[in-house]
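Numbered from 1 within each chain, the chains take letters A, B, ... in sequence-line order.
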Protein chains: 2
Amino acid sequence: MYKNQLDLVFSALADPARRGMLEQLAGGESNVGTLAKPHAMSQPAISKHLRVLERAGLIQRTRRGREHRIRVDPRPIEAASTWIGHYARFWKQQFDAIDAYLKAHEKDIHTNIQPKELQK
Amino acid sequence: MYKNQLDLVFSALADPARRGMLEQLAGGESNVGTLAKPHAMSQPAISKHLRVLERAGLIQRTRRGREHRIRVDPRPIEAASTWIGHYARFWKQQFDAIDAYLKAHEKDIHTNIQPKELQK
DNA sequence: CTTATACATAACCTACAGGTTATATAAATC
DNA sequence: GATTTATATAACCTGTAGGTTATGTATAAG
């Protein structure tokens with residue numbers, strides 16, 4: 001199946017081990033062994049997680065001898081942040097508006113009188 | 001397996017059909033049938049997607065007769081937005097800093113002279 | 001040259017995601 | 001009361017996610 005960038009980024013972020021690795025990489029460039037240490041799993045499992053992050057475009061890899069240097073690429077995560085941030089703000093605003101509305105009509109609700117905007 | 005809130009939210013967002021439903025819900029409260037229409041899949045498939053969104057806390061449901069009214073709950077998406085936004089900003093800043101650094105040392109690079117910060 | 005290190009790849013297993021069709025349930029309509 | 005409408009649930013299938021162990025490969029160190 002063909003997955004787009006957002007699909008890949010969000011599903012990469014859905015695993016705590018992978019989010020952990022990204023957090024580790026916030027401290028700067030690293031390598032596979034160092035990234036593996038805090039995680040209680042085999043080395044091939046780490047390799048798989050890194051490949052998922054790489055396919056989502058979230059990390060980039062350069063070989064330096066037998067070592068693989070890993071660093072974050074901030075661009076796809078920024079795209080995801082834009083998507084999610086847009087809706088987060090929009091819904092928060094909606095939510096706050098409803099909240100304010102409910103507060104304004106508190107008396108009506110308590111007296112079981114429905115403001116006509118909500119009547120069918 | 002036990003999944004935390006962030007896991008559930010990100011994996012819920014990883015499917016384009018579910019993101020589509022959330023976008024539909026940005027236009028306001030809706031019901032299952034209406035949410036189903038734009039998606040080329042069976043009604044049970046829609047029900048499953050809605051259950052995933054519900055378990056992630058992204059939507060709330062109230063029964064009104066035989067109809068289920070669905071609306072967004074902005075709180076979990078805001079949590080996800082916070083996580084992702086934090087790192088997005090951080091990495092963008094890192095990225096821009098590296099970019100600026102590279103620009104500042106452009107001549108050194110072109111002449112193959114390595115600034116001593118990068119020497120092994 | 002031999003051994004150790006840092007990784008990837010292969011083969012395998014189990015669980016679950018995401019779709020299907022068929023059926024159930026509850027409410028609305030005729 | 002019978003039918004239609006709105007939805008859920010069950011049973012099933014296929015593919016893939018995420019883990020394992022075993023093995024391969026290239027580079028570094030002794």
Which pairs would a plain distance check flag for residues 50-57 of chain B, meaning a side-chain donor or acceptor within less than 3.5 Å of a matching protein atom at least two apart in sequence or in another chain?
from     : atom 1 : to       : atom 2 : distance (Å)
Glu54(B) : OE1    : Arg61(B) : NE     : 3.3
Glu54(B) : OE1    : Arg61(B) : NH2    : 3.0
Glu54(B) : OE2    : Arg61(B) : NE     : 3.2

Practice item. Could you work out which one of dA8(C), dA8(D), dA6(C) sits closest to the side chain of Arg66(A)? Key: dA6(C)
Study note, to complete from the structure: Here the distance between atom P of dA8(D) and atom CZ of Arg63(B), to the nearest Å, is 7 Å
Revision key, fill the gap. When His39(A), Lys37(A), Arg19(A) are each screened for side-chain hydrogen bond (donor to acceptor under 3.5 Å, both in side chains) with Gln24(A), the one that passes is His39(A)
Check your understanding: Side chains of Asp15(B) and His49(B): closer than 4.5 Å at any heavy-atom pair?
Key -> yes
Exercise for review: Please state whether the phosphate of dC7(C), meaning OP1 or OP2, lies under 4.0 angstrom from any side-chain nitrogen or oxygen of Arg61(A).
Suggested key: no
Check your understanding: If two hydrophobic side chains count as joined below 4.5 Å and joins carry through other members, does Tyr87(A) share a cluster with Leu8(B)?
Key -> no
Review point. When all nucleic acid strands are considered with a 4.0 Å heavy-atom cut-off, which category describes Arg64(A): base, sugar-phosphate, or nothing?
Key: nothing
**Study point:** Whole angstrom value for the distance that separates C1' of dT25(D) from CD of Glu67(A)
**Key:** 17 Å
Practice item. Could you label the plane-to-plane angle of the Phe10(B) and Phe10(A) rings as parallel, tilted or perpendicular, counting under 30° as parallel and over 60° as perpendicular? Key: parallel
Practice item. Nearest whole angstrom, please: distance from the C1' of dT9(C) to the NE2 of His49(A). Key: 16 Å
Review point. Rounding to a whole Å, what distance do you find between Leu8(B):CG and dC16(C):P?
Key: 13 Å
Review point. Roughly, in whole Å, what's the span from NZ in Lys37(B) to C1' in dT5(D)?
Key: 12 Å
Revision key, fill the gap. Quick note, Val32(B) side chain, CB onward, closest among dA8(D), dA8(C), dG18(C) is dA8(D)
Check your understanding: Looking only at side chains, do Trp83(A) and Glu23(B) share a donor and an acceptor under 3.5 Å apart?
Key -> yes
Practice item. Using a heavy-atom cut-off of under 4.0 Å over every strand shown, decide if Arg69(A) touches base, sugar-phosphate, or nothing. Key: nothing
Practice item. Specify the separation, in whole Å, of atom CZ of Arg51(B) and atom P of dT7(D). Key: 16 Å
Point to revise | Separation of atom NE2 in His39(A) from atom C1' in dC7(C), rounded to whole Å | key: 16 Å
Practice item. Please state how far atom CZ in Arg55(B) lies from atom P in dG18(C), giving the value in whole angstrom units. Key: 13 Å
Review point. Between dA8(D) and His68(B), is there an OP1 or OP2 to side-chain N/O distance shorter than 4.0 Å?
Key: yes
**Study point:** Residue closer to the 5' end of DNA chain D, Gly65(A) versus Ser11(A) (nearest nucleotide)
**Key:** Ser11(A)
Find every protein N or O atom lying less than 3.5 Å from an N or O atom of nucleotides 20-22 of chain D, and list the pairs.
from    : atom 1 : to       : atom 2 : distance (Å)
dT20(D) : OP2    : Ser42(A) : N      : 3.0
dT20(D) : OP2    : Ser42(A) : OG     : 2.6

Point to revise | Nearest-0.5 Å distance that lies between atom CG in Leu13(A) and atom CG in Leu6(B) | key: 9.5 Å
